[in-house]
Amino acid sequence: MSGTIPVVAQKGSYKVEVEAGKAYWWCACGKSGKQPFCDGSHKGSAFSPLKFEAETSGIVSFCGCKATGNQPRCDGSHKNLP
Ligand code: FES
């Protein structure tokens, strides 16, 4: 079980300024120390990061609770967490 449920890194989004044309790796496991992005901590788990390619420059709300239904963006799912 522990390998299939992501860690809640933060009950809320991470608002990050992204640059058009750049790729970012969103942490799906929740264990990264560099939230919301992957730092390799998922190794050995069932998770792998999700690539996000910015089409435009601006602020993106990345999911911090890792329970979003719209990875890698926050969809408000953290409000339903216990
Ligand atoms: Fe979480 Fe890589 S550290 S997906």
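Both ligands and their constituent atoms are indexed starting at 1 by order of listing. Note that the structure is predicted; figures quoted are calculated from it, not measured.
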Would Cys29 count as a contact for atom 1 (Fe) of ligand 1, in the sense that one of its N, O or S atoms lies under 2.8 Å from it?
yes

Below 2.8 Å, any N, O or S contact between His42 and atom 1 (Fe) of ligand 1?
no

Inter-residue atom distance Cys74.SG - Lys15.NZ, 0.5 Å rounding:
7.0 Å

Donor + acceptor pair across side chains of Lys66, Gln10 (<3.5 Å):
no

If only side-chain N and O atoms count, and only distance matters, is there a donor-acceptor pair under 3.5 Å linking Ser77 with Asp75?
yes

Under 4.0 Å, heavy atoms only, figure out whether ligand 1 is touched by the backbone of Cys27, its side chain, both or neither.
both

Below 2.8 Å, any N, O or S contact between Cys38 and atom 2 (Fe) of ligand 1?
yes

Using a strict cut-off of 4.0 Å, indicate which atoms of ligand 1 neighbour a heavy atom of Asp39.
3 (S)

May I ask you to check whether Phe37 and Tyr14 place their ring centres under 6.0 Å from each other?
no

Quick check: is Leu50 connected to Val60 through a chain of hydrophobic side chains (ILVMFWY, heavy atoms under 4.5 Å apart)?
yes

